[in-house]
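Scroll down for the structure; my scribbles are underneath it.
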Protein chains: 2
Amino acid sequence: MTTSHVEEKKSRVEVAYLSLRYAIIEQALEPGTKLPEDAIGSVFEMSRTLAREVLTKLQYDGLVEVKRKRSATVARPSLTEAQEVFGVRKCLERAVVRQICERWSKVMEEELEKHIRAEDDAIKADNNALSIRLAGEFHIRLAELSGNSLLKKYVDEVVSRCSLILALYARPHSSQCAVTEHRELIKAFSAKDVPRALELMNEHLGAVEQRAMIPGTATKKLDLCDVIQKYAGQIDHA
Amino acid sequence: MTTSHVEEKKSRVEVAYLSLRYAIIEQALEPGTKLPEDAIGSVFEMSRTLAREVLTKLQYDGLVEVKRKRSATVARPSLTEAQEVFGVRKCLERAVVRQICERWSKVMEEELEKHIRAEDDAIKADNNALSIRLAGEFHIRLAELSGNSLLKKYVDEVVSRCSLILALYARPHSSQCAVTEHRELIKAFSAKDVPRALELMNEHLGAVEQRAMIPGTATKKLDLCDVIQKYAGQIDHA
DNA sequence: TCGATAAATATTGTACACATTAAAATCAAA
DNA sequence: TTTGATTTTAATGTGTACAATATTTATCGA
(Lines give C-alpha, C1' and ligand atoms only; values in the text may rest on other atoms or scores of the structure.)
Protein backbone atom coordinates (compact mmCIF):
# COMPACT_ATOMS: atom_id res chain seq x y z
CA MET A 1 0.00 0.00 0.00
CA THR A 2 1.44 3.36 -0.96
CA THR A 3 1.67 6.19 1.51
CA SER A 4 1.22 9.31 -0.51
CA HIS A 5 1.48 10.10 -4.14
CA VAL A 6 3.05 13.45 -4.68
CA GLU A 7 6.10 13.74 -2.50
CA GLU A 8 9.47 15.05 -3.70
CA LYS A 9 11.56 13.30 -1.11
CA LYS A 10 10.47 9.98 0.26
CA SER A 11 9.93 10.16 3.96
CA ARG A 12 12.00 7.99 6.20
CA VAL A 13 9.05 5.81 7.07
CA GLU A 14 8.30 5.27 3.43
CA VAL A 15 11.88 4.29 2.69
CA ALA A 16 11.86 1.87 5.60
CA TYR A 17 8.48 0.51 4.62
CA LEU A 18 9.46 -0.13 1.02
CA SER A 19 12.84 -1.55 1.96
CA LEU A 20 11.32 -4.05 4.32
CA ARG A 21 8.56 -4.83 1.91
CA TYR A 22 10.99 -5.72 -0.83
CA ALA A 23 13.24 -7.60 1.54
CA ILE A 24 10.33 -9.71 2.71
CA ILE A 25 8.83 -10.34 -0.69
CA GLU A 26 12.15 -11.33 -2.16
CA GLN A 27 12.58 -13.52 0.86
CA ALA A 28 15.83 -11.95 1.87
CA LEU A 29 14.22 -12.00 5.28
CA GLU A 30 13.04 -15.44 6.21
CA PRO A 31 9.48 -15.82 7.53
CA GLY A 32 9.52 -15.84 11.28
CA THR A 33 12.47 -13.46 11.49
CA LYS A 34 12.02 -11.12 14.40
CA LEU A 35 11.82 -7.42 13.59
CA PRO A 36 12.33 -5.59 16.89
CA GLU A 37 11.39 -1.94 16.84
CA ASP A 38 14.82 -0.94 18.11
CA ALA A 39 16.56 -2.78 15.30
CA ILE A 40 14.36 -1.26 12.61
CA GLY A 41 14.85 2.10 14.21
CA SER A 42 18.60 1.97 14.29
CA VAL A 43 18.94 0.60 10.76
CA PHE A 44 16.84 3.41 9.33
CA GLU A 45 17.94 5.98 11.86
CA MET A 46 14.57 6.67 13.31
CA SER A 47 12.97 6.40 16.72
CA ARG A 48 10.88 3.47 17.80
CA THR A 49 7.81 5.62 17.27
CA LEU A 50 8.39 5.66 13.56
CA ALA A 51 9.61 2.10 13.43
CA ARG A 52 6.28 1.07 14.89
CA GLU A 53 4.49 3.02 12.22
CA VAL A 54 6.38 1.11 9.57
CA LEU A 55 5.61 -2.22 11.15
CA THR A 56 1.95 -1.32 11.38
CA LYS A 57 1.83 -0.63 7.68
CA LEU A 58 3.49 -3.93 6.92
CA GLN A 59 1.02 -5.63 9.19
CA TYR A 60 -1.87 -4.24 7.19
CA ASP A 61 -0.23 -5.67 4.09
CA GLY A 62 -0.05 -9.04 5.73
CA LEU A 63 3.71 -9.08 5.47
CA VAL A 64 4.48 -9.04 9.16
CA GLU A 65 2.68 -10.49 12.12
CA VAL A 66 2.30 -8.56 15.33
CA LYS A 67 1.35 -10.07 18.63
CA ARG A 68 0.97 -8.15 21.81
CA LYS A 69 4.18 -7.72 23.75
CA ARG A 70 6.16 -9.71 21.21
CA SER A 71 8.44 -8.55 18.48
CA ALA A 72 6.88 -8.29 15.08
CA THR A 73 7.94 -11.12 12.81
CA VAL A 74 8.05 -11.67 9.09
CA ALA A 75 4.73 -13.34 8.31
CA ARG A 76 4.54 -17.02 7.56
CA PRO A 77 1.14 -17.48 5.96
CA SER A 78 -0.30 -20.95 6.36
CA LEU A 79 -1.51 -22.92 3.38
CA THR A 80 -5.07 -22.16 4.42
CA GLU A 81 -4.36 -18.47 4.51
CA ALA A 82 -2.67 -18.81 1.15
CA GLN A 83 -5.80 -20.30 -0.33
CA GLU A 84 -7.88 -17.54 1.17
CA VAL A 85 -5.65 -14.94 -0.39
CA PHE A 86 -5.89 -16.53 -3.79
CA GLY A 87 -9.63 -16.72 -3.46
CA VAL A 88 -9.94 -13.02 -2.76
CA ARG A 89 -7.39 -12.18 -5.39
CA LYS A 90 -9.26 -13.98 -8.12
CA CYS A 91 -12.45 -12.19 -7.29
CA LEU A 92 -10.77 -8.79 -7.23
CA GLU A 93 -8.86 -9.31 -10.41
CA ARG A 94 -11.93 -10.43 -12.26
CA ALA A 95 -13.42 -7.09 -11.39
CA VAL A 96 -10.27 -5.39 -12.65
CA VAL A 97 -10.51 -7.22 -15.94
CA ARG A 98 -14.10 -6.15 -16.45
CA GLN A 99 -13.27 -2.54 -15.70
CA ILE A 100 -10.28 -2.53 -17.99
CA CYS A 101 -12.19 -3.96 -20.90
CA GLU A 102 -14.64 -1.12 -20.53
CA ARG A 103 -12.05 1.64 -20.48
CA TRP A 104 -9.40 0.15 -22.73
CA SER A 105 -7.30 2.61 -24.71
CA LYS A 106 -4.15 2.82 -26.75
CA VAL A 107 -2.33 4.62 -23.93
CA MET A 108 -3.07 1.80 -21.55
CA GLU A 109 -1.85 -0.71 -24.07
CA GLU A 110 1.42 1.12 -24.50
CA GLU A 111 1.99 1.41 -20.80
CA LEU A 112 1.42 -2.26 -20.21
CA GLU A 113 3.60 -3.20 -23.16
CA LYS A 114 6.38 -1.18 -21.65
CA HIS A 115 6.00 -2.99 -18.38
CA ILE A 116 6.10 -6.36 -20.05
CA ARG A 117 9.28 -5.41 -21.85
CA ALA A 118 10.81 -4.68 -18.47
CA GLU A 119 9.71 -8.10 -17.28
CA ASP A 120 11.34 -9.61 -20.34
CA ASP A 121 14.58 -7.76 -19.70
CA ALA A 122 14.70 -8.92 -16.12
CA ILE A 123 14.30 -12.51 -17.23
CA LYS A 124 16.97 -12.18 -19.88
CA ALA A 125 19.30 -10.63 -17.32
CA ASP A 126 18.55 -13.64 -15.16
CA ASN A 127 17.48 -11.35 -12.35
CA ASN A 128 15.03 -13.69 -10.69
CA ALA A 129 14.13 -11.53 -7.72
CA LEU A 130 13.36 -8.60 -9.98
CA SER A 131 11.34 -10.60 -12.44
CA ILE A 132 9.18 -12.01 -9.68
CA ARG A 133 8.54 -8.52 -8.39
CA LEU A 134 7.73 -7.17 -11.82
CA ALA A 135 5.35 -10.04 -12.49
CA GLY A 136 3.44 -8.99 -9.40
CA GLU A 137 3.59 -5.33 -10.30
CA PHE A 138 1.99 -6.05 -13.64
CA HIS A 139 -1.19 -6.87 -11.79
CA ILE A 140 -0.91 -3.75 -9.71
CA ARG A 141 -0.64 -1.74 -12.92
CA LEU A 142 -3.76 -3.41 -14.20
CA ALA A 143 -5.58 -2.52 -11.02
CA GLU A 144 -4.42 1.07 -11.38
CA LEU A 145 -5.82 1.17 -14.88
CA SER A 146 -9.16 -0.06 -13.64
CA GLY A 147 -9.69 3.49 -12.42
CA ASN A 148 -11.06 2.31 -9.09
CA SER A 149 -8.66 3.38 -6.39
CA LEU A 150 -10.10 1.18 -3.69
CA LEU A 151 -9.89 -1.81 -5.98
CA LYS A 152 -6.32 -0.84 -6.65
CA LYS A 153 -5.56 -0.66 -2.96
CA TYR A 154 -6.94 -4.10 -2.32
CA VAL A 155 -5.19 -5.66 -5.29
CA ASP A 156 -2.03 -4.07 -4.03
CA GLU A 157 -2.48 -5.81 -0.72
CA VAL A 158 -3.33 -9.24 -2.05
CA VAL A 159 -0.46 -9.10 -4.50
CA SER A 160 1.95 -8.40 -1.64
CA ARG A 161 0.55 -11.33 0.22
CA CYS A 162 0.77 -13.54 -2.84
CA SER A 163 4.35 -12.57 -3.44
CA LEU A 164 5.23 -13.69 0.05
CA ILE A 165 3.26 -16.88 -0.38
CA LEU A 166 5.00 -17.68 -3.62
CA ALA A 167 8.35 -17.00 -2.04
CA LEU A 168 7.38 -19.40 0.71
CA TYR A 169 5.72 -22.22 -1.07
CA ALA A 170 6.49 -22.00 -4.73
CA ARG A 171 8.66 -24.42 -6.55
CA PRO A 172 11.20 -22.81 -8.84
CA HIS A 173 9.41 -21.71 -11.97
CA SER A 174 9.97 -19.96 -15.20
CA SER A 175 8.72 -16.40 -15.11
CA GLN A 176 8.67 -16.56 -18.88
CA CYS A 177 5.27 -18.21 -18.92
CA ALA A 178 3.88 -15.36 -16.84
CA VAL A 179 5.09 -12.90 -19.45
CA THR A 180 3.47 -14.88 -22.24
CA GLU A 181 0.23 -14.96 -20.31
CA HIS A 182 0.43 -11.25 -19.67
CA ARG A 183 0.77 -10.63 -23.38
CA GLU A 184 -2.24 -12.80 -24.12
CA LEU A 185 -4.25 -10.78 -21.66
CA ILE A 186 -3.40 -7.56 -23.42
CA LYS A 187 -4.54 -9.08 -26.69
CA ALA A 188 -7.89 -9.91 -25.14
CA PHE A 189 -8.19 -6.36 -23.81
CA SER A 190 -7.48 -4.95 -27.25
CA ALA A 191 -10.20 -7.12 -28.68
CA LYS A 192 -12.46 -6.01 -25.81
CA ASP A 193 -13.19 -9.67 -25.40
CA VAL A 194 -14.37 -9.78 -21.80
CA PRO A 195 -15.07 -13.50 -21.51
CA ARG A 196 -11.73 -14.33 -23.05
CA ALA A 197 -9.93 -11.88 -20.75
CA LEU A 198 -11.70 -13.32 -17.71
CA GLU A 199 -10.80 -16.81 -18.78
CA LEU A 200 -7.18 -15.87 -19.28
CA MET A 201 -6.99 -14.17 -15.92
CA ASN A 202 -8.55 -17.20 -14.28
CA GLU A 203 -6.06 -19.51 -15.90
CA HIS A 204 -3.17 -17.22 -15.16
CA LEU A 205 -4.02 -16.91 -11.49
CA GLY A 206 -4.78 -20.59 -11.37
CA ALA A 207 -1.31 -21.29 -12.68
CA VAL A 208 0.19 -19.01 -10.07
CA GLU A 209 -1.85 -20.71 -7.38
CA GLN A 210 -0.81 -24.14 -8.55
CA ARG A 211 2.83 -23.18 -8.34
CA ALA A 212 2.27 -22.12 -4.78
CA MET A 213 1.07 -25.37 -3.39
CA ILE A 214 4.35 -27.17 -3.06
CA PRO A 215 6.61 -26.49 -0.10
CA GLY A 216 9.64 -24.47 -1.02
CA THR A 217 13.27 -25.15 -0.36
CA ALA A 218 15.18 -24.23 2.74
CA THR A 219 16.27 -20.64 3.10
CA LYS A 220 19.53 -19.03 3.95
CA LYS A 221 20.24 -17.22 7.18
CA LEU A 222 21.62 -13.73 6.88
CA ASP A 223 22.27 -10.80 9.15
CA LEU A 224 19.19 -8.68 9.63
CA CYS A 225 20.94 -5.33 9.43
CA ASP A 226 22.91 -6.19 6.32
CA VAL A 227 19.87 -7.42 4.50
CA ILE A 228 17.75 -4.44 5.33
CA GLN A 229 20.44 -1.95 4.54
CA LYS A 230 20.92 -3.45 1.12
CA TYR A 231 17.27 -2.82 0.34
CA ALA A 232 17.33 0.62 1.87
CA GLY A 233 20.04 1.49 -0.61
CA GLN A 234 17.86 0.48 -3.52
CA ILE A 235 15.01 2.67 -2.35
CA ASP A 236 17.13 5.74 -1.85
CA HIS A 237 18.00 5.86 -5.51
CA ALA A 238 14.45 5.23 -6.64
CA MET B 1 -11.47 -4.06 11.38
CA THR B 2 -11.31 -5.88 14.67
CA THR B 3 -8.24 -5.80 16.85
CA SER B 4 -8.08 -9.13 18.55
CA HIS B 5 -10.56 -11.86 19.18
CA VAL B 6 -10.02 -13.35 22.57
CA GLU B 7 -9.67 -10.53 25.06
CA GLU B 8 -11.47 -10.43 28.37
CA LYS B 9 -11.43 -6.71 28.79
CA LYS B 10 -11.55 -4.50 25.77
CA SER B 11 -8.45 -2.40 25.56
CA ARG B 12 -8.77 1.32 25.72
CA VAL B 13 -7.85 1.71 22.09
CA GLU B 14 -10.49 -0.75 21.09
CA VAL B 15 -13.13 1.06 23.07
CA ALA B 16 -12.13 4.35 21.52
CA TYR B 17 -11.98 2.83 18.07
CA LEU B 18 -15.42 1.29 18.28
CA SER B 19 -16.93 4.37 19.88
CA LEU B 20 -15.68 6.62 17.15
CA ARG B 21 -16.60 4.12 14.51
CA TYR B 22 -20.19 4.00 15.66
CA ALA B 23 -20.34 7.72 16.15
CA ILE B 24 -19.17 8.28 12.60
CA ILE B 25 -21.33 5.65 10.99
CA GLU B 26 -24.44 6.87 12.76
CA GLN B 27 -23.40 10.34 11.69
CA ALA B 28 -23.38 11.69 15.19
CA LEU B 29 -20.10 13.18 14.03
CA GLU B 30 -20.53 15.19 10.89
CA PRO B 31 -18.14 14.53 8.01
CA GLY B 32 -15.35 17.06 8.11
CA THR B 33 -15.39 17.30 11.90
CA LYS B 34 -11.87 17.69 13.20
CA LEU B 35 -10.59 14.96 15.49
CA PRO B 36 -7.48 16.35 17.18
CA GLU B 37 -5.32 13.78 18.89
CA ASP B 38 -5.47 15.70 22.15
CA ALA B 39 -9.23 15.74 22.16
CA ILE B 40 -9.53 12.02 21.47
CA GLY B 41 -6.93 11.40 24.11
CA SER B 42 -8.66 13.36 26.80
CA VAL B 43 -12.10 11.95 26.07
CA PHE B 44 -10.87 8.38 26.35
CA GLU B 45 -8.23 9.14 28.93
CA MET B 46 -5.28 8.07 26.92
CA SER B 47 -2.15 9.70 25.61
CA ARG B 48 -1.76 11.05 22.12
CA THR B 49 0.26 7.97 21.27
CA LEU B 50 -2.79 5.77 21.64
CA ALA B 51 -5.14 8.33 20.17
CA ARG B 52 -3.02 8.25 17.05
CA GLU B 53 -3.29 4.52 16.93
CA VAL B 54 -7.05 4.76 17.02
CA LEU B 55 -7.11 7.33 14.26
CA THR B 56 -4.84 5.17 12.13
CA LYS B 57 -7.22 2.28 12.41
CA LEU B 58 -10.13 4.46 11.45
CA GLN B 59 -8.13 5.73 8.54
CA TYR B 60 -7.65 2.20 7.24
CA ASP B 61 -11.41 1.75 7.45
CA GLY B 62 -11.88 4.86 5.36
CA LEU B 63 -13.80 6.54 8.15
CA VAL B 64 -11.36 9.34 8.84
CA GLU B 65 -9.04 11.24 6.60
CA VAL B 66 -5.54 12.09 7.67
CA LYS B 67 -3.37 14.68 6.03
CA ARG B 68 0.14 15.51 7.07
CA LYS B 69 0.36 18.11 9.79
CA ARG B 70 -3.38 18.53 9.90
CA SER B 71 -5.93 17.19 12.31
CA ALA B 72 -7.65 14.02 11.26
CA THR B 73 -11.20 14.63 10.11
CA VAL B 74 -14.29 12.53 9.75
CA ALA B 75 -14.17 11.35 6.15
CA ARG B 76 -16.43 12.84 3.54
CA PRO B 77 -16.31 10.40 0.65
CA SER B 78 -17.05 11.92 -2.71
CA LEU B 79 -19.68 10.48 -4.98
CA THR B 80 -16.93 9.00 -7.12
CA GLU B 81 -15.40 7.31 -4.13
CA ALA B 82 -18.83 6.09 -3.18
CA GLN B 83 -19.25 4.43 -6.52
CA GLU B 84 -15.85 2.85 -6.22
CA VAL B 85 -16.76 1.41 -2.86
CA PHE B 86 -19.98 -0.04 -4.17
CA GLY B 87 -18.12 -1.55 -7.08
CA VAL B 88 -15.67 -3.33 -4.85
CA ARG B 89 -18.37 -4.31 -2.44
CA LYS B 90 -20.44 -6.01 -5.10
CA CYS B 91 -17.51 -8.02 -6.28
CA LEU B 92 -16.57 -9.10 -2.77
CA GLU B 93 -20.08 -10.00 -1.75
CA ARG B 94 -20.62 -12.08 -4.83
CA ALA B 95 -17.66 -14.13 -3.70
CA VAL B 96 -19.21 -14.39 -0.26
CA VAL B 97 -22.45 -15.66 -1.72
CA ARG B 98 -20.69 -18.36 -3.69
CA GLN B 99 -18.76 -19.52 -0.67
CA ILE B 100 -21.81 -19.58 1.53
CA CYS B 101 -23.83 -21.63 -0.91
CA GLU B 102 -21.07 -24.20 -0.85
CA ARG B 103 -20.86 -24.49 2.91
CA TRP B 104 -24.47 -23.83 3.85
CA SER B 105 -25.68 -25.54 7.01
CA LYS B 106 -28.54 -25.47 9.48
CA VAL B 107 -26.38 -23.74 12.08
CA MET B 108 -25.64 -20.91 9.71
CA GLU B 109 -29.29 -20.55 8.91
CA GLU B 110 -30.20 -20.28 12.55
CA GLU B 111 -27.54 -17.73 13.25
CA LEU B 112 -28.65 -15.53 10.41
CA GLU B 113 -32.30 -15.89 11.34
CA LYS B 114 -31.45 -14.70 14.80
CA HIS B 115 -29.69 -11.68 13.38
CA ILE B 116 -32.63 -10.81 11.18
CA ARG B 117 -34.95 -10.98 14.15
CA ALA B 118 -32.75 -8.42 15.85
CA GLU B 119 -33.03 -6.22 12.78
CA ASP B 120 -36.78 -6.58 12.94
CA ASP B 121 -36.87 -5.64 16.59
CA ALA B 122 -34.81 -2.54 16.00
CA ILE B 123 -37.20 -1.43 13.30
CA LYS B 124 -40.24 -2.07 15.46
CA ALA B 125 -38.63 -0.15 18.27
CA ASP B 126 -38.15 2.65 15.76
CA ASN B 127 -34.43 2.70 16.55
CA ASN B 128 -33.25 3.94 13.22
CA ALA B 129 -29.56 4.24 14.03
CA LEU B 130 -29.45 0.70 15.35
CA SER B 131 -31.37 -0.78 12.46
CA ILE B 132 -29.02 0.81 9.97
CA ARG B 133 -26.06 -0.64 11.82
CA LEU B 134 -27.60 -4.07 12.04
CA ALA B 135 -28.41 -4.06 8.34
CA GLY B 136 -24.73 -3.52 7.67
CA GLU B 137 -23.70 -6.12 10.20
CA PHE B 138 -25.82 -8.72 8.46
CA HIS B 139 -23.41 -8.57 5.58
CA ILE B 140 -20.45 -8.85 7.90
CA ARG B 141 -21.99 -11.98 9.37
CA LEU B 142 -22.35 -13.38 5.89
CA ALA B 143 -18.72 -12.67 5.19
CA GLU B 144 -17.77 -14.39 8.43
CA LEU B 145 -19.71 -17.45 7.39
CA SER B 146 -17.86 -17.55 4.09
CA GLY B 147 -15.00 -19.03 6.07
CA ASN B 148 -12.45 -16.82 4.34
CA SER B 149 -10.99 -14.48 6.90
CA LEU B 150 -9.39 -12.13 4.42
CA LEU B 151 -12.64 -11.83 2.55
CA LYS B 152 -14.30 -11.09 5.84
CA LYS B 153 -11.79 -8.39 6.62
CA TYR B 154 -12.37 -6.67 3.31
CA VAL B 155 -16.14 -6.89 3.52
CA ASP B 156 -15.84 -5.42 6.97
CA GLU B 157 -14.02 -2.46 5.56
CA VAL B 158 -16.29 -1.79 2.61
CA VAL B 159 -19.35 -2.10 4.80
CA SER B 160 -17.96 0.57 7.13
CA ARG B 161 -17.36 2.79 4.19
CA CYS B 162 -20.81 2.12 2.80
CA SER B 163 -22.41 2.92 6.10
CA LEU B 164 -20.76 6.28 6.09
CA ILE B 165 -21.72 6.86 2.49
CA LEU B 166 -25.33 6.02 3.18
CA ALA B 167 -25.32 8.30 6.17
CA LEU B 168 -23.99 11.02 3.93
CA TYR B 169 -25.94 10.64 0.76
CA ALA B 170 -28.94 8.47 1.41
CA ARG B 171 -32.46 9.73 1.39
CA PRO B 172 -34.51 8.50 4.30
CA HIS B 173 -35.51 4.92 3.62
CA SER B 174 -37.32 2.05 5.13
CA SER B 175 -34.96 -0.51 6.57
CA GLN B 176 -37.82 -2.94 6.35
CA CYS B 177 -37.12 -3.69 2.73
CA ALA B 178 -33.58 -4.61 3.63
CA VAL B 179 -34.90 -7.15 6.09
CA THR B 180 -37.19 -8.67 3.51
CA GLU B 181 -34.33 -8.92 1.09
CA HIS B 182 -32.14 -10.51 3.70
CA ARG B 183 -34.77 -13.18 4.29
CA GLU B 184 -35.02 -13.87 0.58
CA LEU B 185 -31.28 -14.38 0.46
CA ILE B 186 -31.43 -16.96 3.20
CA LYS B 187 -34.09 -18.83 1.27
CA ALA B 188 -31.83 -18.96 -1.75
CA PHE B 189 -28.98 -20.24 0.40
CA SER B 190 -31.17 -22.97 1.79
CA ALA B 191 -32.05 -24.02 -1.72
CA LYS B 192 -28.35 -23.86 -2.58
CA ASP B 193 -29.50 -21.84 -5.56
CA VAL B 194 -26.30 -19.96 -6.43
CA PRO B 195 -27.59 -18.00 -9.42
CA ARG B 196 -30.66 -16.92 -7.51
CA ALA B 197 -28.57 -15.90 -4.50
CA LEU B 198 -26.19 -13.95 -6.68
CA GLU B 199 -29.09 -12.21 -8.37
CA LEU B 200 -30.65 -11.34 -5.05
CA MET B 201 -27.39 -9.99 -3.70
CA ASN B 202 -26.92 -7.93 -6.83
CA GLU B 203 -30.40 -6.47 -6.56
CA HIS B 204 -30.04 -5.89 -2.87
CA LEU B 205 -26.75 -4.04 -3.21
CA GLY B 206 -28.09 -2.24 -6.22
CA ALA B 207 -30.99 -1.02 -4.11
CA VAL B 208 -28.62 0.14 -1.42
CA GLU B 209 -26.51 1.91 -4.00
CA GLN B 210 -29.50 3.59 -5.53
CA ARG B 211 -30.52 4.96 -2.20
CA ALA B 212 -27.08 6.44 -1.85
CA MET B 213 -27.08 8.64 -4.86
CA ILE B 214 -29.19 11.48 -3.63
CA PRO B 215 -27.68 14.17 -1.45
CA GLY B 216 -28.74 13.91 2.14
CA THR B 217 -30.21 16.50 4.42
CA ALA B 218 -28.31 18.95 6.53
CA THR B 219 -26.85 17.67 9.75
CA LYS B 220 -26.92 18.91 13.28
CA LYS B 221 -23.96 20.37 15.09
CA LEU B 222 -23.13 18.84 18.42
CA ASP B 223 -20.32 19.01 20.91
CA LEU B 224 -17.52 16.60 20.04
CA CYS B 225 -16.86 15.44 23.55
CA ASP B 226 -20.49 14.83 24.40
CA VAL B 227 -21.07 12.83 21.28
CA ILE B 228 -18.04 10.67 21.71
CA GLN B 229 -18.67 10.04 25.35
CA LYS B 230 -22.17 8.86 24.63
CA TYR B 231 -20.80 6.19 22.33
CA ALA B 232 -18.01 5.30 24.69
CA GLY B 233 -20.67 4.49 27.26
CA GLN B 234 -22.34 2.06 24.88
CA ILE B 235 -19.11 0.22 24.24
CA ASP B 236 -18.17 -0.13 27.86
CA HIS B 237 -21.23 -2.24 28.53
CA ALA B 238 -20.75 -4.35 25.46
C1' DT C 1 -14.52 48.89 8.11
C1' DC C 2 -11.64 45.92 5.55
C1' DG C 3 -7.47 43.59 4.40
C1' DA C 4 -2.92 42.37 5.33
C1' DT C 5 0.57 41.31 8.43
C1' DA C 6 2.24 39.71 12.78
C1' DA C 7 1.79 37.65 17.21
C1' DA C 8 -0.30 33.98 19.80
C1' DT C 9 -2.26 29.55 20.14
C1' DA C 10 -3.31 24.95 18.87
C1' DT C 11 -1.77 20.69 16.92
C1' DT C 12 1.18 17.55 14.88
C1' DG C 13 6.01 15.12 14.24
C1' DT C 14 9.29 12.78 16.58
C1' DA C 15 12.36 11.48 20.16
C1' DC C 16 12.83 9.60 24.53
C1' DA C 17 11.95 7.90 29.29
C1' DC C 18 10.20 4.68 32.48
C1' DA C 19 7.42 0.85 33.82
C1' DT C 20 5.97 -3.75 32.52
C1' DT C 21 6.43 -7.99 30.54
C1' DA C 22 8.52 -11.63 27.63
C1' DA C 23 12.74 -14.12 26.40
C1' DA C 24 17.23 -15.69 27.50
C1' DA C 25 20.73 -16.97 30.54
C1' DT C 26 22.21 -18.77 34.72
C1' DC C 27 22.25 -21.71 38.34
C1' DA C 28 20.63 -25.50 41.60
C1' DA C 29 19.00 -29.83 42.46
C1' DA C 30 17.79 -34.51 41.01
C1' DT D 1 22.98 -34.10 31.90
C1' DT D 2 18.50 -32.58 32.30
C1' DT D 3 14.87 -29.96 34.42
C1' DG D 4 12.98 -26.24 36.91
C1' DA D 5 13.42 -21.99 39.24
C1' DT D 6 15.60 -17.48 39.33
C1' DT D 7 18.02 -13.70 37.69
C1' DT D 8 19.34 -10.92 33.86
C1' DT D 9 18.56 -8.97 29.59
C1' DA D 10 15.81 -7.47 25.75
C1' DA D 11 11.64 -5.57 23.96
C1' DT D 12 7.26 -3.60 24.12
C1' DG D 13 3.32 -0.37 26.13
C1' DT D 14 2.45 4.10 27.03
C1' DG D 15 3.10 8.76 28.68
C1' DT D 16 5.48 13.09 28.04
C1' DA D 17 8.62 16.69 26.19
C1' DC D 18 10.08 19.80 22.81
C1' DA D 19 10.51 21.44 18.19
C1' DA D 20 8.20 22.45 13.85
C1' DT D 21 4.28 23.78 11.55
C1' DA D 22 -0.75 25.09 10.94
C1' DT D 23 -4.47 27.83 12.38
C1' DT D 24 -6.45 31.46 14.74
C1' DT D 25 -6.45 35.80 16.81
C1' DA D 26 -4.86 40.32 17.35
C1' DT D 27 -2.91 44.42 15.56
C1' DC D 28 -2.13 47.98 12.40
C1' DG D 29 -2.52 50.78 8.23
C1' DA D 30 -5.34 52.35 4.45
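Residue numbers start from 1 in every chain, and the chains themselves are labelled A, B, ... in the order their sequence lines are given, proteins ahead of strands. This one's a predicted model, so the numbers in the text were calculated from it and none came from an experiment.
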Original post:
Which comes earlier along DNA chain C counting from the 5' end, the contact point of B:Ala72 or that of A:Lys34, where each point is its nearest nucleotide?
Top reply: B:Ala72

Original post:
Can you check the A:Glu45 CD to C:dT14 P distance for me, whole Å?
Top reply: 15 Å

Subject >> Nearest-nucleotide 5' precedence on DNA chain C, A:Thr49 against A:Arg70 >> reply: A:Thr49

Subject >> Integer-rounded Å distance: C:dA15 C1' and A:Met46 CE >> reply: 12 Å

Original post:
Of the nucleotides D:dT12, C:dA15, D:dG15, which has the atom closest to the A:Ser47 side chain?
Top reply: C:dA15

Subject >> Spacing of B:Glu14 atom CD relative to D:dG13 atom P, expressed in whole Å >> reply: 15 Å

Original post:
If you round to the nearest 0.5 Å, how far is NE2 of A:His115 from CG of A:Leu142?
Top reply: 8.5 Å

**OP:** Give a yes or no on whether a donor-acceptor pair under 3.5 Å exists between the nucleobase atoms of C:dT20, that is its base, and the side chain of A:Lys69.
**Re:** yes

Original post:
Salt bridge or not for A:Arg117 and A:Asp121, using N-O below 4.0 Å?
Top reply: no

**OP:** Calculate the interatomic distance between A:Leu35 atom CG and D:dA10 atom P; express it in whole Å.
**Re:** 18 Å

Original post:
Just how far, in rounded Å, is P of C:dT14 from CD of A:Glu53?
Top reply: 7 Å

**OP:** Validate the cation-pi geometry between B:Arg133 and B:Tyr22: distance from NZ or CZ to the six-membered ring centre under 6.0 Å, angle to the ring axis within 45°.
**Re:** yes

Subject >> N/O (side chain, A:Arg48) to phosphate O (OP1/OP2, D:dG15) under 4.0 Å >> reply: no

**OP:** Please report, rounded to the nearest Å, how far the C1' atom of D:dG13 is from the NZ atom of A:Lys67.
**Re:** 17 Å

Original post:
Is any side-chain N or O of B:Ser71 closer than 4.0 Å to OP1 or OP2 of C:dA10?
Top reply: no

Original post:
Would you call B:Arg161 and B:Asp61 a salt bridge, taking side-chain N to carboxylate O under 4.0 Å as the test?
Top reply: no

Subject >> Interatomic distance, B:Glu37 CD vs D:dT21 C1' [rounded to whole Å] >> reply: 14 Å

**OP:** Report the distance from atom CZ of B:Arg68 to atom C1' of C:dT12, rounded to the nearest whole Å.
**Re:** 9 Å

Original post:
Taking only side-chain nitrogens and oxygens of A:Arg52, does any of them come within less than 4.0 Å of OP1 or OP2 of D:dG13?
Top reply: yes

Original post:
Should the pair A:Lys90-A:Glu209 be classified as a salt bridge under the 4.0 Å nitrogen-to-oxygen rule?
Top reply: yes

